[in-house]
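No hydrogens, no waters, no symmetry mates; every other heavy atom, side chains included, goes into these values.
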Amino acid sequence: MTIQQTLSIIKPDATKRNLIGSIVSKLESSGLKVIAQKKIQLTELQAKQFYKVHKERPFYHDLVKFMVSGPVVVQVLEGENAVIKNRQVMGATNPDEAEEGTIRKEFAESLEANSVHGSDSIENAYQEISFFFSQIELVN
Ligand code: CMP
């Protein structure tokens, strides 16, 4: 049994449509536990830094613009194999390819406005969690 932590972001398209509770409900139903959570308005600089791995990609500029278009909820989720489990609950990046019952299938509007972000590896989870949270904010 591997207990992991992962970073989740509820994106502006979802916060604007009042979907925070519905999304948290799906995460919790899967067995993931929210051990930290805050609603914030990202600055352009923060969004650019967070997504710097994509800075050469053609969608980078629009992605940053979208991520500052409204508040986001950043969360730390904990549970058994939390990184993979969260990505399963989220569904594929493109909602057209997401499986039935996943967050993106149910709520995402488009490839860009895809409602949630989740860390894609244990190493990235560690980095992404420390981008937004200090250890003292993680309470399980
Ligand atoms: P996310 O998991 O937050 O990681 C990067 C984001 O870029 C991704 O979700 C999508 O919302 C967004 N994005 C926009 N266009 C693309 C694309 N063509 N391929 C992958 N991600 C994209």
Looking only at atom types and distance, does a side-chain atom of T102 sit under 3.5 Å from a main-chain N or O of A98, one as donor and one as acceptor? no

Salt bridge (Lys or Arg N to Asp or Glu O under 4.0 Å) against K105, all qualifying residues, sequence neighbours excluded: none

Can you tell me how the ring of H54 sits relative to the ring of F59, calling it parallel under 30°, perpendicular over 60° and tilted otherwise? tilted

Using distance only, find each side-chain donor-acceptor pair of residues 133-140 under 3.5 Å and give its atom names and separation, not counting sequence neighbours.
from	atom 1	to	atom 2	distance (Å)
S134	OG	E137	OE1	3.4
E137	OE1	S134	N	2.9
E137	OE2	K38	NZ	3.2
N140	ND2	E78	OE1	2.9

What is the distance from atom CE of M67 to atom CG of D62, rounded to the nearest 0.5 Å? 13.5 Å

Option from P71, S69, P12 for which side chain to side chain contact (heavy atoms under 4.5 Å, CB included) with Q41 holds: P71

Are Y51 and R57 packed together at the side-chain level, in the sense that at least one heavy-atom pair is separated by less than 4.5 angstrom? no

Dump the intermediate steps for side chain to side chain contact (heavy atoms under 4.5 Å, CB included) on V72 and K39, then the final yes or no. CA-CA 6 Å; V72 298; K39 189 179 192 184; over 6 Å; no

Linking I/L/V/M/F/W/Y whenever their side-chain heavy atoms sit closer than 4.5 Å, directly or via other members, would L19 and V34 fall into one cluster? yes

Kindly indicate whether the side chain of F132, heavy atoms from C-beta on, has any atom under 4.5 Å from the side chain of L7. yes

Among all residues two or more places apart in sequence or in another chain, which pass the side-chain contact (heavy atoms from CB on, under 4.5 Å) test with S110? E112, A113

E44 meets the salt bridge (Lys or Arg N to Asp or Glu O under 4.0 Å) criterion, sequence neighbours left out, with K48

Side chain proximity check, R104 to N94, heavy atoms < 4.5 angstrom: no

Rounding to 0.5 Å, atoms OG (S115) and CD1 (I20) come to a distance of 11.5 Å

Results of side-chain contact (heavy atoms from CB on, under 4.5 Å) for S29 - residues two or more places apart only: S25

Residue pairs meeting salt bridge (charged side-chain N to carboxylate O under 4.0 Å, His left out), one or both in residues 117-134, sequence neighbours left out, come to none

Pairwise side-chain contact, V73 with T15, heavy-atom cut-off 4.5 Å (strictly under): yes

Which of I9, V24, L32 passes side chain to side chain contact (heavy atoms under 4.5 Å, CB included) with Q75? Answer is V24

Just to verify, what does K52 make a salt bridge (Lys or Arg N to Asp or Glu O under 4.0 Å) with, not counting sequence neighbours? none

Go through it in stages, so that I can follow the logic: the residues are T6 and N124, the test is side chain to side chain contact (heavy atoms under 4.5 Å, CB included), and I'd like the CA-CA distance, side-chain angles, deciding distance and then a yes or no. CA-CA 9 Å; T6 191; N124 285 342; over 6 Å; no

Validation row: T43, Q46 side chains within 4.5 angstrom (heavy atoms): yes

Are the side chains of L27 and I103 in contact, using a 4.5 Å heavy-atom criterion? yes

Only pairs at least two apart or in different chains count here, so list each ring-ring contact (aromatic ring centres under 6.0 Å, His included) that has a residue in residues 16-38. none

Atom pairs and distances, side-chain donor-acceptor, residues 83-93, under 3.5 Å, sequence neighbours left out:
from	atom 1	to	atom 2	distance (Å)
K85	NZ	S30	O	3.3
R87	NH1	G118	O	3.0

Between CD of Q49 and CG of L42, what distance do you get to the nearest 0.5 Å? 10.5 Å

Spatial distance of atom OG (S8) from atom CD1 (I23) [nearest 0.5 Å]: 8.0 Å

Tell me the salt bridge (charged side-chain N to carboxylate O under 4.0 Å, His left out) pairs involving residues 9-24, sequence neighbours left out? D13-R17, R17-E109

Sort and list the pairs that fulfil ring-ring contact (aromatic ring centres under 6.0 Å, His included) and have at least one residue in residues 60-108, not counting sequence neighbours. none

Could you tell me whether the side chain of I40 reaches within less than 4.5 Å of the side chain of V74, counting heavy atoms only? yes

Return each pair, listed once, that meets salt bridge (charged side-chain N to carboxylate O under 4.0 Å, His left out) where at least one residue sits in residues 64-75; pairs must be two or more places apart or across chains. none

Side chain proximity check, Q5 to I35, heavy atoms < 4.5 angstrom: yes

